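Below is one structure; the comments refer to it alone.
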Amino acid sequence: MKNLVEPIKSKKDVENIEKYLAKHSLRNQLIWAFGTNTGLRISDILALNIEDVKNRQYIDIIEKKTHKYKRIKLNEKLLSLIKKYLVEREKNIYSITDDEPLFVGKKHKRLDRSQVYRFINDVCRNLGISVNVGTHTMRKTFGYHHYKQFNDVALLQKIFNHSSPSITMRYIGIAQEELDESYSSFAL
């Protein structure tokens, strides 16, 4: 079996990652929060510019992978983090304009997925979280917890633009989890 990236199924681990990131990097905390609160792919998160989020309740994007339009309402957590991040960023960078990338590295160039992969792996290693993680972990974590909260695979399928509920369930690791649970609970 391939080394598939997994969701982080423990809510406590998700919270611990965010707390860790909050102490070390507001930018990385916001990237993590975007991924785990919207289910966007990292390519779509990193493509955001300041104007896409500044003073907005929604973000409107054309997904890079599917080329489909998507509108996402920003929750209070994201709105608060975005505001805090933009204030902090303006303090630390000589001048910023609204058409600049939202997430930049040390050289003020748009952040790339390898940098995000690195910080996600580093934080999980530092916290002793031993699932296979990568940038897609954020999207899968969103999906897993969204399904657990709302128990609505059709809605999640629509959010992810998947072609069938079974793909969505397998994607978020629910199918195998339910199989394992049935084996554990079954005795003859």
Side-chain angles (χ1 to χ4, degrees), residues 5 7-8 11-127 129 133-146 149 156 159-161:
V5 171
I8 296 176
K11 262 196 165 169
K12 191 72 182 146
D13 285 346
V14 174
E15 291 166 5
N16 287 339
I17 290 168
E18 188 153 342
K19 285 179 190 170
Y20 182 95
L21 291 171
K23 287 181 191 167
H24 294 87
S25 170
L26 183 56
R27 179 198 69 191
N28 293 353
Q29 180 192 12
L30 180 56
I31 291 169
W32 175 259
F34 249 108
T36 58
N37 282 270
T38 66
L40 284 173
R41 289 178 186 87
I42 192 63
S43 56
D44 294 322
I45 294 170
L46 295 179
L48 292 170
N49 289 332
I50 292 170
E51 64 196 350
D52 297 324
V53 299
K54 188 176 182 180
N55 301 319
R56 302 224 179 178
Q57 299 293 311
Y58 292 87
I59 56 171
D60 297 290
I61 64 166
I62 302 295
E63 290 182 311
K64 288 196 173 296
K65 182 176 179 180
T66 65
H67 305 289
K68 291 182 180 176
Y69 169 79
K70 185 173 231 163
R71 182 173 208 199
I72 297 171
K73 180 157 179 40
L74 299 171
N75 64 24
E76 288 303 318
K77 177 182 192 169
L78 282 172
L79 290 170
S80 172
L81 280 172
I82 289 166
K83 193 174 196 174
K84 185 176 174 184
Y85 172 73
L86 290 176
V87 166
E88 191 65 30
R89 188 169 153 185
E90 281 186 34
K91 279 188 216 169
N92 294 327
I93 297 176
Y94 180 69
S95 74
I96 59 172
T97 59
D98 288 354
D99 64 344
E100 288 183 31
L102 181 60
F103 299 111
V104 294
K106 288 185 173 89
K107 296 178 183 174
H108 304 291
K109 300 277 186 245
R110 190 177 300 275
L111 209 61
D112 71 45
R113 67 183 314 118
S114 66
Q115 293 163 295
V116 177
Y117 175 85
R118 222 174 0 266
F119 87 66
I120 291 172
N121 271 275
D122 288 348
V123 71
C124 288
R125 190 174 39 258
N126 287 334
L127 294 174
I129 298 168
V133 295
T135 57
H136 231 52
T137 294
M138 297 181 293
R139 182 171 162 89
K140 288 186 174 193
T141 298
F142 163 84
Y144 178 83
H145 291 284
H146 192 281
Q149 182 173 339
L156 198 53
I159 289 170
F160 282 157
N161 283 318

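Being a predicted model, the structure only gives us computed values, none of them experimental.
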For Ile8 versus Thr141, what's the shortest heavy-atom pair and its separation? N-OG1, 2.9 Å
How about Asn161 and Glu63: does a side-chain donor come under 3.5 Å of a side-chain acceptor? yes
The reported gap from NZ in Lys68 to CD1 in Ile61 (rounded to nearest 0.5 angstrom) is 12.5 Å
Under the criterion side chain to side chain contact (heavy atoms under 4.5 Å, CB included), I'd like the reasoning laid out for Val14 against Tyr144: C-alpha separation, chi angles, the key distance, then a yes or no. CA-CA 12 Å; Val14 174; Tyr144 178 83; over 6 Å; no
Carboxylate-amine/guanidinium contact Lys83 Glu88, below 4.0 Å: no
Main chain of Val104, side chain of Arg110: is a donor-acceptor contact present, judged purely on distance under 3.5 Å? no
Parallel under 30°, tilted from 30 to 60°, perpendicular over 60°: which one fits the rings of Phe103 and Phe34? perpendicular
Nearest heavy atoms of Arg27 and Gly105, plus distance in Å: NH1-CA, 3.7 Å
Nearest non-hydrogen partners of Ala33 and Leu81, listed with the distance: CB-CD1, 3.6 Å
Going from CG on Leu30 to CG on Leu78, what distance comes out if it is rounded to the nearest 0.5 angstrom? 7.0 Å
Between the side chain of Glu90 and the main-chain N/O of Val87, is any donor-acceptor distance below 3.5 Å? no
Rounded to the nearest 0.5 Å, what's the gap from CD on Gln57 to CG on Leu79? Could you check? 5.0 Å
Kindly indicate, with the supporting measurements, whether the criterion side chain to side chain contact (heavy atoms under 4.5 Å, CB included) is fulfilled by Val116 and Trp32. CA-CA 9 Å; Val116 177; Trp32 175 259; over 6 Å; no
Leu86 to Ile50 - nearest heavy-atom pair and separation: CD2-CG2, 4.0 Å
Considering residues at least two apart in sequence or located in another chain, which fulfil the salt bridge (Lys or Arg N to Asp or Glu O under 4.0 Å) criterion with Asp122? Arg125
Crowding at CD, Glu15 (>12 non-hydrogen neighbours, <6.0 Å): yes
Okay, side chain of Thr137, backbone of Pro7: is any donor-acceptor separation there less than 3.5 Å? no
Are Asn75 and Asn37 linked by a side-chain donor-acceptor pair shorter than 3.5 Å? yes
Would you say Lys70's side chain and Ile159's backbone share a donor-acceptor pair under 3.5 angstrom? yes
Can you list the steps and then say if Asn16 with Ile129 is a side chain to side chain contact (heavy atoms under 4.5 Å, CB included)? CA-CA 10 Å; Asn16 287 339; Ile129 298 168; 5.5 Å; no
Donor-acceptor check, side chain of Arg113 to backbone of Thr135, threshold 3.5 angstrom: yes or no? no
Is it true that atom OH of Tyr20 has more than 12 heavy atoms of other residues, nucleotides or ligands lying nearer than 6.0 Å? yes
Please report the shortest heavy-atom distance between Ile17 and Cys124, naming the atom on each side. CD1-SG, 3.9 Å
N-O pairing of Glu18 and Lys23 below 4.0 Å: no
Within a reach of under 6.0 Å around CG of Asp99, are more than 12 heavy atoms found that belong to other residues, nucleotides or ligands? yes
Backbone N or O of Gln29 within a donor-acceptor pair of the Tyr85 side chain at under 3.5 Å? no
So, for Arg56 and Leu74, which heavy atoms are closest and what is the spacing to 0.1 Å? O-CD1, 3.7 Å
Qualifying residues under salt bridge (Lys or Arg N to Asp or Glu O under 4.0 Å), relative to Asp112, sequence neighbours excluded: none
Apply side chain to side chain contact (heavy atoms under 4.5 Å, CB included) to the pair Asp60 and Ile72, showing each step before the final yes or no. CA-CA 7 Å; Asp60 297 290; Ile72 297 171; over 6 Å; no
Check for a donor-acceptor pair, side chain of Asp52 on one end and backbone N or O of Leu48 on the other, with a separation under 3.5 Å. no
Is there a donor-acceptor pair closer than 3.5 Å between any side-chain N or O of Ser80 and the backbone N or O of Lys77? no
Flag the pair Lys64 and Asp44 as a salt bridge only when some basic side-chain nitrogen lies within less than 4.0 angstrom of an acidic carboxylate oxygen. no
Once you measure the plane-to-plane angle for His146 and Phe142, does it fall in the parallel (<30°), tilted (30-60°) or perpendicular (>60°) bin? tilted
